[in-house]
Protein chains: 2
Amino acid sequence: MRKRKGAGRPTISDVAEKAGVSTITVSRALRDPSKVSDHLRRKIDNAVKKLNYVPHSHASALASTRSNIIGVIVPSLTNNVFADTLRAIYDAFDQGVYQVQLGNSRYVAKEEERLVRTFLGQGPSAMIIAGTDQTEITRELLESAPCPVVQIMEIGDDPIDMMVGFSHFEGGRAAGIHLVQKGYKRIGFLGARMDPRSHRRMEGFKEAMRSGGRYDPDLIMTTTTSSSVTLGAELIGQLRARRPDLDAVFCNNDDLALGALFGCQKAGISVPDDMGIIGFNDLEMMAASYPSLTSIRTDRYAIGKHAVAMIQSALDSEMPDQKIIDVGFELQQRESTSRKR
Amino acid sequence: MRKRKGAGRPTISDVAEKAGVSTITVSRALRDPSKVSDHLRRKIDNAVKKLNYVPHSHASALASTRSNIIGVIVPSLTNNVFADTLRAIYDAFDQGVYQVQLGNSRYVAKEEERLVRTFLGQGPSAMIIAGTDQTEITRELLESAPCPVVQIMEIGDDPIDMMVGFSHFEGGRAAGIHLVQKGYKRIGFLGARMDPRSHRRMEGFKEAMRSGGRYDPDLIMTTTTSSSVTLGAELIGQLRARRPDLDAVFCNNDDLALGALFGCQKAGISVPDDMGIIGFNDLEMMAASYPSLTSIRTDRYAIGKHAVAMIQSALDSEMPDQKIIDVGFELQQRESTSRKR
DNA sequence: TGTTATGATGTTAGCGCTAACATAATGTTA
DNA sequence: TAACATTATGTTAGCGCTAACATCATAACA
């Protein structure tokens, strides 16, 4: 007689036998207790406990053709911005039946494509993916995926399915306008990584400079190096070396802004009087620094929460209230741009 | 005739039919191409491409009783310390067949227990779990799990299976000794969250104070609130209010240390002359700040890499070189504790 | 009272894949 | 050339669960 090993763990049949019922009754008792009489339910619960039975999720997924997996793809695990959104997603799916499956694309489009393929192989219940700059193939894969798809962190005209985020262009523009209004004259831009969202912030900034009559491409300093506080100090040093008359900077993100502050302090430049600094995202530290740092506040946690809510209403086959949610942003003015004119 | 839907995606049979071979040959061609002749392999590859076939991972897991899932449980998704280790784990498993399944226990033991149960339900190939303070039940579950288990971030005498990390007690002690050696007299401790690892750092610190003749419980200030830069500024303010003669602090972690620095700057206290500050973990920003901040450097990325290497040698059924790996730590002295005596 | 709706439980087949064995084709050795 | 090993491919039966249908008991109703 041919035999196979199995996983060596108790199966639903073991439970059924112990409880004196059929396997399907056990299955029902575990998935929807109201479908089974109290009498049998108690017996089954006991058997489950005694055997320390845990359902085999793969068998369940195969039989029901529902995996209960939510695929999430982000470009970075160490960036606080994504960490906050991820936390929201994990919090929201916490109690339910869904399992979050996380992938790190490391800002590489081909990597993202590979992850999408892998995740779709698990027949996910939904997909969450950061950004709007997928490759053609990735887009096609996701468009034909038989599950809800939410693009997060930013918004645009042409969602694959649903979207939640905010306009990075407008965020960058708001930062630029703020510096112009504060009376700064030679306003620079410091950018690290320069992923698509950073680019759009920069474009928004440029737009603000142009309409404020302050546009000067020589004041823009970017690098593809990944962002860090140290880099912020270096970049402002380089930009000041090139343009000693620089009197304000919009930093791509808060790490750079904090680094720029430290760089100024080291060089004996007074913030905000001789140098205005504004960051992006408003991480917690921005309010605590000395001087405190102005930033564009974004609600990353809300993005995650909305994404899950959209998925849940899509899975309940309700029409979502909207296909695109703009969570906006808010300029948080602090000491680093509050000079006396 | 009874019929079921299926997932609607192409299956291995579709590929087999199109390529004119049996399903098992397709299975082999995909898992180990060397087992199939070039001739058939080409045919199969073509069919796969034409049908856009992606294997159903659940079916594979069920049939082979191997899930290729690596369960990872950490207490926080936003703490940079875990983010670095997670990144290492994701990087290491990147190209292989394994899928990382991440859980966030939020520093709640019961939550951790629930996650362990869920993950074991997927028949993981291995488990990685942060810390050594699992509940009794969690420990039992993991001990009887039919897969390698690695506890990460810290080390101890009694591993469930394997361990990689460092001694938080010794790290805390090293920080304390450093401040004593630098000639600081009234040395405080600022602690947030106060999870078990924080506790052990504090105990190491106390030990250093005792042996240096500087122990004063009145100088210890802790809270269960989660750590933040803002909190660091607050805590040092409170401790100074209680003990105006305070002249140095060891901070539980780098966020608090940075906050303590800002707090001192705001209050006009000179760092390091009137106040020495040392943090823990040596995040990137510590070297960039002004003044730069002393910290205990820990190699979180290495912890993740080692954990994966241990798992891989266990799965290849080689005996691992060692069951417990101590990656150590290194005191990184900077300006914040470099006063002229 | 018989008829029908409702609810609880069981039987059977199959989700898509691979382990285990079987078989055919080829190479190797004395 | 027979005897055996090796390689390439196929057949069959399950992995553990649940969808779909079937059955039986009880409640509801005319």
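Chain letters run A, B, ... following the sequence lines, proteins first and then strands; every chain starts at 1. Computed from a prediction, not measured in an experiment: that's the story for all the values here.
Comparing B:A59 and B:S34, the nucleotide of DNA chain D nearest to each residue sits closer to the 5' end for B:S34.
We find that B:D91 and A:R106 are joined by a salt bridge, their nearest charged nitrogen and carboxylate oxygen being less than 4.0 Å apart. By the 4.0 Å N-to-carboxylate-O rule, A:R139 lies close enough to A:D158 to be salt-bridged with it. Using a 4.0 Å cut-off between charged side-chain N and carboxylate O, A:D45 and A:R42 make no salt bridge. Contact check on B:D94 versus A:R114 returns a salt bridge, with a Lys/Arg side-chain nitrogen under 4.0 Å from an Asp/Glu carboxylate oxygen.
For B:R28 against D:dG10, a side-chain N or O and a base N or O form a donor-acceptor pair under 3.5 Å.
A:S37 has a side-chain polar atom (N or O) that falls below the 4.0 Å cut-off from OP1 or OP2 of C:dT9. Contact check, A:S60 against D:dT18: a side-chain N or O comes under 4.0 Å of OP1 or OP2. OP1 or OP2 of D:dT18 has at least one side-chain nitrogen or oxygen of A:S27 nearer than 4.0 Å. For C:dA19, the OP1/OP2 oxygens have a side-chain nitrogen or oxygen of B:R66 closer than 4.0 Å. For the pair B:R31 and C:dA19, the criterion of a side-chain N or O lying under 4.0 Å from OP1 or OP2 is met.
In terms of heavy-atom proximity, A:G131 sits nearest to A:E154 at CA-OE2, 3.5 Å.
Using modelled atom types, one finds a donor on one side chain and an acceptor on the other under 3.5 Å when comparing B:T135 with B:T138.
Between its opening and closing five pairs, the helix from C:dT1-D:dA30 to C:dA30-D:dT1 changes axis direction by 30°, a value rounded to 10 degrees.
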Sub-3.5 Å pairs of nitrogen or oxygen atoms, protein against nucleotides 26-28 of chain D:
none

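For residues 98-154 of chain A, the ring pair (Phe, Tyr, Trp, His ring centres under 6.0 Å) pairs, not counting sequence neighbours, are A:F93-A:Y98. Listed by first and then second residue, the ring pair (Phe, Tyr, Trp, His ring centres under 6.0 Å) pairs involving residues 133-166 of chain B are B:F166-B:H168 (not counting sequence neighbours).
At a non-hydrogen distance threshold of 4.0 Å, A:V21, A:S22, A:I24, A:T25 from residues 17-25 of chain A come into contact with DNA chain C.
Summarising the local packing, CG of B:D157 is surrounded by 12 or fewer heavy atoms from other residues, nucleotides or ligands at distances under 6.0 Å.
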Go through it in stages, so that I can follow the logic: the residues are B:I73 and B:I128, the test is side-chain contact (heavy atoms from CB on, under 4.5 Å), and I'd like the CA-CA distance, side-chain angles, deciding distance and then a yes or no. CA-CA 6 Å; B:I73 299 176; B:I128 297 178; over 6 Å; no

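To the nearest angstrom, C1' of D:dG16 lies 15 Å from CD of B:Q122. The nearest whole Å value for the distance from the CG atom in B:L30 to the C1' atom in C:dG16 is 13 Å. Rounded to whole Å, atom P of C:dG7 lies 12 Å from atom NZ of A:K35.
Under the rule for a side-chain contact (heavy atoms from CB on, under 4.5 Å), A:E17 has no partner lying at least two apart in sequence or in another chain.
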